[in-house]
Student: 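Before anything else, here's the structure in question.
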Amino acid sequence: MRPRASHLLLLIPLAFLLTFFYVPLVSILKTGLWENGLTLEHITSVLENDYHRRVILFTIGQAIASTILTLALGLPGAYIFAKYDFPGKRTIKAVLTVPFVMPSVMVALGYILLFGKSGIITELIGRDLGILYSWKGILLAHAFYNFPIVIRMVSSLWQRVNPHYEEAAMALGARGWRLFWRVTLPMISPAIFASAMLTFVFCFLSFSIPLIIGGYRYATIEVDIFTSIMVLLDFKTGSALAIIQIALSMAFMYVYLRSLDAYAKREEQRVFRKPLPFGRRDWLSLRGLGIAVYSAIVFVFIVSPLLAVIYDSLRFNNQWSLEWYRRIFSTEYNPMFGATTLGAIRNSLTFGLATVFLSIIIALPIAYALHRWNFRGKRLFDVLAMLPLASSAITLGLGYIRVFHSTPLYYTMWIVIAAHTIIAYPFVLRAVSTSLKKIKPNLFEAALSLGAREWRAFLRVELPLALGGVIVGAIFAFAMSIAELGATYMLAKPEYTTMTVAIYKFLGARQFGSASALSVLLMAVSTASFLIIERVGEEVW
């Protein structure tokens, strides 16, 4: 078949993915599996080592437990948002979903300020709950980070459950728990399973939270890889651990993509149930009491870490003050990272905007190919295009060190931008693909029948209709770039320090006030990004 111009455009993202994802990936495989020939020696050595084996089992165990806790926190919220209507519902939902775009290092800071030995809650109740620097802290922080996923995905599908099914079941005598178990639950189960799998993958690949809250005692595979490479300079062990992690995460990601297909088919249901009004009298009922208790739990574990960071940034020597903000911007203040605060902000914004631009350039042709073309191996192509989502920032950083350390690209801002793009672009791809699926095919066919070429019909007809998905994906790419820590820490020169890396270094130096002030600035940028997503009103997952 003669290649068309539209086919050639696909070469740009494929070349980028090949250079900045698959070549580093192959380099990791070679480091871990090649020693004068194919060998499993390093993999076997890792699996036979008690410490590494315990780390692998803990990574899987904490991901399962974190997912269960996230579902326990998120499902009641999904029920409330799907079932009831009340003043400020949209604003509250937006606030509750902000944590997902918060940098994980900031989440860890919030938990330190709340549950540390000198934390706010510890001082209020007069005893240490033992949450910080334990597995309990990791589970709670992961629940904080991921419960917006459950709320958004499950409530979205719950609103689409056709009320006629429940009415028919009620006519046959089904009520309460029996009605939910036999009718409602099977209808919303694709959303529960898909959100659980996405949460599990994020918890499995988590880095900053286990590193800061768990320490080396509760290290995950990500922390183990980071320690092996950056502390022990043991690339063989780091590569073997990365290979084990990639194999597991690929399997988990495949299950997630399959579950996402089932979720997308159910979400196409356009019968929206009308939420019931929740008035003043309802708040005095048993149901209102349950919602109040749930809201209090959410406030303590989900909202209060954010408020704790803001509070700490405004307290200096036990008085209200803007001193921490003055210090981080003062030229007399000499932070331990190799850039000023203004430089760190400029770096974060530069990397974020460049990531947005490149992510769209990469994701758009791939989304179009998956949406419009039918070809052999399309399913495999989809999995390979989404595979970066199953890899971690630390693994990516390891691959870049192996491949680019002797090239002019190494230790430049461009390699950091490339890493951020590989991490962020799957979200842009998924957002654009979701929007394209919602467009009726006959619009494109009508444009073709009027003489438009394929790409012209796409640019003039489909792309404007999918613009909401492009904007959502772009904002998510920006938010993920400014929140990224692992790859940036491994690849960036001191003068390319970002806000997230600076916060991590402040935390390492126990300068919590400076870390809080910088976190508030980062929080403002992340919150603004998410509010734009809410305004556009598209679903990215």
Side-chain angles (χ1 to χ4, degrees), residues 98 101-110 112-113 208 212 306 308-317 320-359 393 397 411-421 423-424 474-532:
V98 160
V101 291
M102 288 290 122
S104 53
V105 65
M106 208 205 74
V107 177
L109 172 60
I112 290 172
L113 295 174
S208 305
I212 297 171
L306 302 178
V309 174
I310 298 173
Y311 174 81
D312 189 63
S313 74
L314 296 171
R315 300 290 291 178
F316 185 80
N317 288 338
W320 294 103
S321 172
L322 295 175
E323 177 63 18
W324 292 119
Y325 292 92
R326 190 196 70 78
R327 286 194 173 200
I328 62 171
F329 284 106
S330 172
T331 53
E332 299 172 357
Y333 190 64
N334 185 25
M336 73 296 305
F337 49 89
T340 63
T341 299
L342 283 176
I345 294 172
R346 186 186 61 243
N347 289 335
S348 292
L349 295 177
T350 302
F351 293 160
L353 293 174
T355 300
V356 167
F357 177 75
L358 281 177
S359 296
Y411 236 36
T412 65
M413 61 182 291
W414 304 111
I415 199 166
V416 180
I417 292 171
H420 285 197
T421 303
I423 293 166
I475 295 169
F476 256 94
F478 182 77
M480 297 202 73
S481 172
I482 64 169
E484 207 286 319
L485 173 64
T488 312
Y489 190 88
M490 295 172 74
L491 299 170
K493 291 167 72 175
E495 55 260 43
Y496 297 138
T497 294
T498 61
M499 295 171 74
T500 308
V501 173
I503 293 169
Y504 176 68
K505 290 185 176 178
F506 274 134
L507 280 177
R510 312 288 295 174
Q511 294 189 26
F512 294 131
S514 302
S516 298
L518 199 53
S519 294
V520 171
L521 299 181
L522 194 53
M523 192 192 306
V525 176
S526 300
T527 304
S529 304
F530 200 83
L531 290 177
I532 295 172

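The residues of the chain are indexed from 1 along the displayed sequence. Just so it is clear, the model here is predicted, and its values are computed rather than measured.
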Student: Among I212, L507, L518, whose side chain to side chain contact (heavy atoms under 4.5 Å, CB included) with L109 holds?
Tutor: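 Answer to the side chain to side chain contact (heavy atoms under 4.5 Å, CB included) test with L109 among I212, L507, L518: L507.
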
Student: My understanding is that only residues two or more places apart in sequence, or in another chain, count here; which of them pass side chain to side chain contact (heavy atoms under 4.5 Å, CB included) with A419?
Tutor: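 A419 satisfies side chain to side chain contact (heavy atoms under 4.5 Å, CB included) with L396, Y400, A487, L491 only.
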
Student: Compare every heavy atom of Y496 with every heavy atom of F351, then report the nearest pair and how far apart it is.
Tutor: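 Taking every non-hydrogen atom into account, CE1-O, 3.7 Å.
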
Student: Using every non-hydrogen atom in the two residues, find where A515 and F506 come nearest and quote the distance to one decimal.
Tutor: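 So the two residues come closest at CB-CB, 3.7 Å.
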
Student: Run the side-chain hydrogen bond (donor to acceptor under 3.5 Å, both in side chains) test against N347 and tell me which residues pass, sequence neighbours left out.
Tutor: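 N347: no side-chain hydrogen bond (donor to acceptor under 3.5 Å, both in side chains) contacts found.
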
Student: My understanding is that only residues two or more places apart in sequence, or in another chain, count here; which of them pass side chain to side chain contact (heavy atoms under 4.5 Å, CB included) with S208?
Tutor: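 With sequence neighbours excluded, S208 shows a side chain to side chain contact (heavy atoms under 4.5 Å, CB included) to S104, L485, given in chain and number order.
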
Student: Do the non-hydrogen side-chain atoms of N317 and E323 ever get within less than 4.5 Å of each other?
Tutor: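 Not in contact.
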
Student: Got a donor-acceptor contact below 3.5 angstrom from the T355 side chain to the F478 backbone?
Tutor: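 Judged by distance alone, no pair lies under 3.5 Å.
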
Student: Excluding sequence neighbours, so at least two apart, what forms side chain to side chain contact (heavy atoms under 4.5 Å, CB included) with R346?
Tutor: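 Testing R346 for side chain to side chain contact (heavy atoms under 4.5 Å, CB included), a comparison that skips the adjacent residues, returns T350.
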
Student: Under the side-chain hydrogen bond (donor to acceptor under 3.5 Å, both in side chains) rule, collect the residues that match up with T488, sequence neighbours excluded.
Tutor: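 For T488, the residues satisfying side-chain hydrogen bond (donor to acceptor under 3.5 Å, both in side chains) (neighbours in sequence not counted) are H420, E484.
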
Student: Taking side chain to side chain contact (heavy atoms under 4.5 Å, CB included) as the criterion, tell me which of V105, I310, V309 meets it with S519.
Tutor: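 For S519, the side chain to side chain contact (heavy atoms under 4.5 Å, CB included) test succeeds with only one of V105, I310, V309, which is V309.
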
Student: Could you pull out all residues at least two apart from Y311 that satisfy side chain to side chain contact (heavy atoms under 4.5 Å, CB included)?
Tutor: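 Side chain to side chain contact (heavy atoms under 4.5 Å, CB included) check on Y311 returns I120, R315, W320.
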
Student: Over all heavy atoms of both residues, which pair between Y325 and S313 is shortest? Give the atoms and the distance, please.
Tutor: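 Where Y325 meets S313 most closely, the heavy atoms are OH-OG, 2.7 Å.
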
Student: Checking S359 side chain against V356 main chain: does a donor-acceptor pair fall under 3.5 Å?
Tutor: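 Absent.
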
Student: About how many Å separate CZ of F329 and OG1 of T340, when rounded to the nearest 0.5 Å?
Tutor: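 The CZ atom of F329 is 9.5 Å from OG1 of T340, to the nearest 0.5 Å.
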
Student: Quick check: do F357 and I417 have side-chain heavy atoms less than 4.5 Å from each other?
Tutor: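 Heavy-atom side-chain distance check fails, nothing below 4.5 Å.
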
Student: So, T341 side chain and I328 main chain: donor-acceptor pair closer than 3.5 Å or not?
Tutor: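 Present.
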
Student: Under the ring pair (Phe, Tyr, Trp, His ring centres under 6.0 Å) rule, collect the residues that match up with Y489, sequence neighbours excluded.
Tutor: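 Counting only residues at least two positions away or on another chain, Y489 forms a ring pair (Phe, Tyr, Trp, His ring centres under 6.0 Å) with F226, Y504.
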
Student: Rounded to the nearest 0.5 Å, how far does CG of L306 lie from CG of L113?
Tutor: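 These two atoms lie 11.5 Å from each other.
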
Student: According to side-chain hydrogen bond (donor to acceptor under 3.5 Å, both in side chains), who are the partners of S516, at least two apart in sequence or on a separate chain?
Tutor: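 Only D312 meet the side-chain hydrogen bond (donor to acceptor under 3.5 Å, both in side chains) criterion with S516.
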
Student: Does anything in residues 489-500 form a salt bridge (charged side-chain N to carboxylate O under 4.0 Å, His left out)? List the pairs, not counting sequence neighbours.
Tutor: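 Pairs touching residues 489-500 that pass the test: K493-E495.
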
